Amino acid sequence: MLEVARALVGCVVRHDGCAGAIVETEAYHQSEAACHAHVGLTPRTHILFGPPGRAYVYRSYGIHAMLNAVCEPEGVGAAVLIRALEPLEGLERMRERRGLERREDLCSGPGKLTQALGIELDLNGSDLAGGPIAIEPPPPDWPASDLIESPRIGITKAAELPWRFSAAGFRSVSRPWPPGLRDTVAPRALG
DNA sequence: CATGGGATTGACT
DNA sequence: GTCAATCCCATGC
């Protein structure tokens, strides 16, 4: 699962004419309390315990859809939360759906990227290879980038585990940025 | 069946 | 820095 969380950084998420490269993930596992699967098998979590390679999409704070990739074999509840993308294709479509212009604001958060790509709860359980959402290998010209490992954010339980993975050098990583990222991104243009 | 708490975001002081 | 919006579902009576 941690290996999947690291390997997904750089991969491309594609849906409904839009695509972006993953620049931030977080890992969740049934063995720790921040994971929805920690409570066991329920109607909400049964996707997490199913076969790997499917989407787990749920609503957060009544407003936002969160996209996860289920991992680990069937019977183990674990997933990787896709937290941020670097927009690659369909930028105008993303801007329409987000109501924003700046590239680095389109997908720089887990709720933002689902809004930008048009991903909603009806995609929960769909296959991530050949389904409506596709996850593909990194583009050939994708730059090699260091991974910054830091504690997961926005959670109250098991908050100490360093299971957040951010690609150095990308302004599209969600805020708050992990320690050290600031030193790896190009300064924003003045003006 | 009622309640409470989010793996967040954007607007505002 | 603070705060509200708002839906799903786990939990407890």
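Order of the sequence lines fixes the chain letters, A, B, ..., with proteins taken first and strands second; residue numbering starts at 1 for each chain. Not measured: the values here are computed from a predicted model.
- Residues A:Val80 and A:Asp105 both approach DNA chain B. Their nearest nucleotides, taken by heavy-atom distance, put A:Val80 toward the 5′ side.
- Taking CZ from A:Arg95 and CG from A:Asp105, the interatomic distance works out to 10.0 Å, rounded to the nearest 0.5 Å.
- Here C:dC9 presents its C1' atom at 15 Å from CD1 of A:Ile47, a figure rounded to the nearest Å.
- Of all nucleotides listed (C:dC8, B:dT9, B:dA7), B:dA7 comes nearest to the side chain of A:Tyr28.
- In this structure, A:His64 and A:Leu121 both approach DNA chain C, and ranking their closest nucleotides by distance from the 5' end singles out A:His64.
- When each of B:dA7, B:dT9, C:dT11 is scored by its nearest atom to the side-chain atoms of A:Leu81, the top-ranked nucleotide is B:dA7.
- Between A:Arg59 and A:Thr42, it is A:Arg59 whose nearest contact on DNA chain C lies nearer the 5' terminus.
- Per the geometry, OH belonging to A:Tyr61 stands 18 Å off P belonging to B:dA11, to the nearest Å.
- Base pairing annotation: C:dT6 forms no Watson-Crick or G-U wobble pair, as no partner gives both donor-acceptor distances under 3.5 Å.
- Here the nucleotide nearest the side chain of A:Leu100, chosen from C:dA10, B:dG10, B:dG6, is B:dG10.
- Note: NE2 (A:His36) to P (C:dC8) measures 14 Å, nearest angstrom.
- Figure legend. B:dA7 is base-paired to no nucleotide; pairs are counted as Watson-Crick or G-U wobble with both atom distances under 3.5 Å.
- One side chain, A:Arg98 or A:Gln115, offers a donor N or O that lies under 3.5 Å from an acceptor on the other.
- Among the heavy atoms of the strands, none lies under 4.0 Å from A:Arg152.
- Rounded to an integer number of Å, the gap from CD of A:Glu120 to P of C:dC7 is 11 Å.
- Distance A:His38 NE2 to B:dA7 P: 13 Å, rounded to the nearest Å.
- For the pair A:Ile153 CD1 and B:dG6 P, the interatomic distance rounds to 16 Å; values are reported in whole Å.
- Using a 4.0 Å heavy-atom distance criterion, A:Ile155 is classed as a sugar-phosphate-only contact.
- A donor-acceptor pair under 3.5 Å links the side-chain atoms of A:Arg152 to the main chain of A:Ala158, judged by distance alone.
- Of the possible polar contacts, none joining the A:Glu86 side chain to the A:Val23 backbone as a donor-acceptor pair under 3.5 Å is found.
- Taking 4.0 angstrom as the limit, A:Arg98 places none of its side-chain polar atoms (N or O) nearer than this to OP1 or OP2 of B:dT9.
- Which of B:dG6, C:dA10, B:dT9 sits closest to the side chain of A:Lys112 comes down to B:dT9.
- Panel note: side chain A:Ser126, backbone A:Ala55; no donor-acceptor pair is recorded below 3.5 Å.
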Go through the steps for A:Ser172 and A:Lys112 under the test side-chain contact (heavy atoms from CB on, under 4.5 Å), then give the verdict.
-> CA-CA 11 Å; A:Ser172 294; A:Lys112 298 178 183 180; over 6 Å; no

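- At a threshold of 4.0 angstrom between heavy atoms, the contacts of A:Arg175 with the nucleic acid are absent.
- Residue A:Met66 contributes atom CE, which lies 15 Å from atom P of C:dC9 at whole-angstrom precision.
- Between the C1' atom of B:dG6 and the CZ atom of A:Arg44 lies a distance of 8 Å, rounded to the nearest Å.
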